[in-house]
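Atoms within a ligand are numbered from 1 in the order they appear, just like the ligands themselves.
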Amino acid sequence: MPERSVVTRIAPSPTGMMHIGTARTALYNWLYARHTGGKFLLRIEDTDRERSTAEAVEVIFEGLKWLGLEPDEPPVFQVARAERHRQAADELLARGGAYRDYMTPEELEAERELARAEGRVVRSPWRDRAPNNAPDRPFVVRLKCPLDGETLIDDQVKGPVRFENRNLDDLILLRTDGTPTYNLAVVVDDHDMGVTHVIRGDDHLNNAARQTLIYQGLGWDAPVWAHLPMIHGPDGKKLSKRHGAQAVSEFADLGYLPEAMRNYLAKLGWGHGDDEIFSDAQAMAWFDVRDVVSAPARLDWDKLNHLNNHYIRQADPQRLTELVVGILKSRDWRLKSTDKAVLERTVPLVREGAKTLLDLADAVVFVLKTRPLELPEKARGLLGEETLGRLDRLRQDLSGAPAWEVPPLEARIRAFAEREGVGIGKFGPALRMVLAGGSPAPDLASALVSLGRDESLARIADALSLAR
Ligand code: GLU
């Protein structure tokens, strides 16, 4: 039989935020599809009508888009396929793999208690009753599970996991109102979408056994299973609010770049030797779901920050400027039309230490200030008579600088200090103060280049007249 080409999918339920665990699941499905030259699909599992919202669907689209993990085909909406799910249940009934269960709620309750007392799962008497003497009352459709033997899930991450069939109850496929249940819908949709590999959170491992029995009942091939361990907080406990962030959108708001997230999430439970930093292309070439580790992963902020800093230092300054402008606007900065060019010049000079885009936004603020800068109280201490005289001479010297670039300006400042017979420490802090007004600023030459010649000289002149 020819091998079918790989189809993976992510199947989130649109009931709120997009969890970082869902993002990693999406990433692994995407990487595996890319690794094998297959397809990566999206299904919105919106059958829970009470909890599913249009906004939450949008959050998923946005989250995947931001992460750069867009599916290869338009999304499938599960709720729209209810008729097809019912059809599959009918097919199972016709094949003898399912039955109509007419137990009343009272009867079910009584059977539950009995089953509990006898230490077994619920079994309906309708399982073996002939359908022709059915009463005229509501019924559910249940899967007719085998009573003995075992169901093996040969999981790509967990290894072989065995379920004893006698512990699996006859799960409901259609409710009394005819709506399909979760497990039926997942199987029918995965089958119809041609999904070959189900890669998802290990909270669904038990469902895999039940779903396998549905596949068998319908005479379909079950997919390859891969159940991923959870992502925990740094303390090893289930990730929660108190760990800082859980939602994809929160990571975006905290100033992480999507490529850093991809690199970080790829590493969170999978790896390629000691490689810490790798490109998408490398991850695609290397990723195999069989190499995912089965123990829970722990979120490590230091590692994430380290990667994010790396990608900030690599990123195109124009793109970073756009992102920084977005952050500044959200902080109510009113930007002038000329500011963008200034920011684009500044970003490469200040990004060295930025762990996040928020850090980067803090680092550029000094160039955006309007003259004359308000100098903080502590500036007075720095701007004594002697220093003012020196800054005046430095200003004159700088105004004659032929090239306004970092290396020649550094050399010029060093030469100036030598001529003055002092260390740069004697006037450096004062110069920084008058250039940045107490805001964070990079080293002197970088600050001068960020500001540009005219603005730099004007800020020094302002401080001189203000202090005198
Ligand atoms: N809708 C399920 C969830 O959000 C995923 C089901 C699956 O991947 O099979 O947890």
- Looking only at protein heavy atoms, which one is nearest to atom 3 (C) of ligand 1, and how far off is it? His204 NE2, 3.6 Å
- Looking only at protein heavy atoms, which one is nearest to atom 8 (O) of ligand 1, and how far off is it? Arg9 NH1, 2.7 Å
- Message: Is the distance between the ring centroids of Trp270 and Tyr28 under 6.0 Å?
- Response: no
- Message: Quick check: Trp126 with Tyr99 (ring centres under 6.0 Å apart)?
- Response: no
- Task: Using distance alone, decide if ligand 1 has a nitrogen or oxygen within less than 3.5 Å of any nitrogen or oxygen in Glu45.
- Result: yes
- Task: Report yes if some N/O of Ala11 lies less than 3.5 Å from some N/O of ligand 1; otherwise report no.
- Result: yes
- Select one of side chain, backbone, both or neither to describe which atoms of Tyr182 lie under 4.0 Å from any atom of ligand 1, heavy atoms only. side chain
- Task: Examine the proximity of ligand 1 to Arg43 and report which part, side chain or backbone, both or neither, has a heavy atom under 4.0 Å away.
- Result: neither
- Query: Taking the six-membered ring of Phe139 as reference, does the NZ or CZ atom of Arg100 fall below 6.0 Å from its centre and within a 45° cone about the axis?
  - Reply: yes
Which pairs would a plain distance check flag for residues 140-152, meaning a side-chain donor or acceptor within less than 3.5 Å of a matching protein atom at least two apart in sequence or in another chain?
unit_1: Arg142; atom_1: NE; unit_2: Asp101; atom_2: OD2; d: 2.7
unit_1: Arg142; atom_1: NH1; unit_2: Asp170; atom_2: O; d: 2.8
unit_1: Lys144; atom_1: NZ; unit_2: Arg127; atom_2: O; d: 3.4
unit_1: Glu150; atom_1: OE2; unit_2: Arg162; atom_2: NH1; d: 2.8
unit_1: Thr151; atom_1: OG1; unit_2: Asn165; atom_2: OD1; d: 2.5

- Note on the structure: side chain to side chain donor-acceptor pair (under 3.5 Å) with Tyr256: of Asn305, Thr356, Asn308, only one passes, and it is Asn305
